[in-house]
Amino acid sequence: MMSEFTSRARRLLQQQHWRFAAAGVVGLLVDMALLGLLLQLACNPYLARLAAFLGAVCATWLLNRHFTFAAVPHGKPLWLEWLQYLLAMSGGGLLNLAASGAVLYFCRPAWWLAPAAVVAGSLAGMLFNFCAAKWWVFRA
């Protein structure tokens, strides 16, 4: 009985992780599209970056709310859930920057260094964001 429960829980966790990652890819596309559009409209690059990030957060929040964590009861007000999600994703973004910065700082310059820094930052940020979303924002 316990083994069946842990097996089901493991499958659910894996399913949620893959759905979270898919939502993240959509968020990346929204982020890049909004940034490109706003820069084409001659917006301030820093404000454009902020607006694109917020657009990506909104897109991933909706996807994760209705796709990744759809089975979780949503008992809190929408504004509170969105604010928690924004804070969680901002924390993951800061961790992303810190991890990629650490790779750039501590590794010898090489052709693979910049991509490795992006990968390290993305993985660290995604892990943090998934945990924060699952166990804080969309907690049952």
Side-chain angles (χ1 to χ4, degrees):
M1 184 71 161
M2 187 59 144
S3 155
E4 182 183 323
F5 174 76
T6 57
S7 177
R8 228 179 308 134
R10 188 178 314 117
R11 275 194 315 271
L12 176 63
L13 185 64
Q14 288 172 339
Q15 184 181 55
Q16 287 176 332
H17 184 262
W18 286 112
R19 288 180 175 190
F20 189 84
V25 169
V26 172
L28 174 65
L29 296 174
V30 168
D31 195 342
M32 291 187 321
L34 282 175
L35 181 61
L37 175 66
L38 292 170
L39 291 176
Q40 287 296 315
L41 295 173
C43 288
N44 175 294
Y46 297 103
L47 291 177
R49 184 68 200 99
L50 177 61
F53 173 76
L54 290 174
V57 167
C58 287
T60 58
W61 171 65
L62 288 169
L63 285 170
N64 285 315
R65 184 173 209 283
H66 296 290
F67 180 60
T68 308
F69 302 106
V72 176
H74 302 286
K76 63 182 89 165
L78 280 177
W79 68 269
L80 178 59
E81 184 181 274
W82 185 86
L83 183 61
Q84 286 179 328
Y85 189 80
L86 174 64
L87 290 172
M89 298 308 109
S90 297
L94 291 174
L95 185 60
N96 180 322
L97 290 173
S100 60
V103 169
L104 292 172
Y105 183 80
F106 290 110
C107 293
R108 290 181 185 257
W111 67 267
W112 52 265
L113 187 58
V118 169
V119 168
S122 295
L123 290 174
M126 185 176 74
L127 179 62
F128 176 88
N129 285 345
F130 178 75
C131 292
K134 179 163 181 63
W135 289 294
W136 182 44
V137 180
F138 299 109
R139 184 180 65 203

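The model shown is predicted, which means the values in this text are computed figures rather than measured ones.
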Do [X] and [Y] have side chains that approach each other closer than 4.5 Å (heavy atoms only, starting at C-beta)?
X    : Y    : result
N96  : S122 : yes
V72  : R139 : no
M126 : H17  : yes
L104 : L113 : yes

Qualifying residue for ring pair (Phe, Tyr, Trp, His ring centres under 6.0 Å) with F69, from F138, W136, W135: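 Answer to the ring pair (Phe, Tyr, Trp, His ring centres under 6.0 Å) test with F69 among F138, W136, W135: F138.
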Can you tell me how far the [atom1] atom of [X] sits from the [atom2] atom of [Y], to the nearest 0.5 Å?
X   : Y   : atom1 : atom2 : value
L50 : L35 : CG    : CG    : 11.0 Å
L62 : W82 : CG    : CH2   : 10.5 Å
T68 : W18 : OG1   : CH2   : 13.0 Å
H74 : E81 : NE2   : CD    : 6.0 Å
R49 : L34 : CZ    : CG    : 10.0 Å
L54 : M89 : CG    : CE    : 13.0 Å

Over all atoms of both residues, closest heavy-atom pair of [X] and [Y]:
X   : Y    : result
A99 : G121 : CB-CA, 3.9 Å
A88 : V137 : CB-CG2, 4.2 Å
A51 : L38  : CB-CD1, 3.6 Å
L39 : P45  : CD2-CA, 3.8 Å
A56 : G27  : CB-O, 3.3 Å
L63 : A23  : CB-CB, 3.9 Å

Mind checking whether [X] and [Y] sit in one hydrophobic cluster, side chains of I, L, V, M, F, W, Y counted as touching below 4.5 Å?
X    : Y    : value
V30  : V57  : no
V118 : V103 : no
L97  : Y46  : no

Donor-acceptor side-chain pairing of R11 and S7 below 3.5 angstrom: yes
Under the ring-ring contact (aromatic ring centres under 6.0 Å, His included) test, residues paired with F53 that sit two or more places apart: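 None.
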Qualifying ring-ring contact (aromatic ring centres under 6.0 Å, His included) pairs with a residue from residues 110-129, counting only residues at least two apart or across chains: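 Not a single pair qualifies under ring-ring contact (aromatic ring centres under 6.0 Å, His included).
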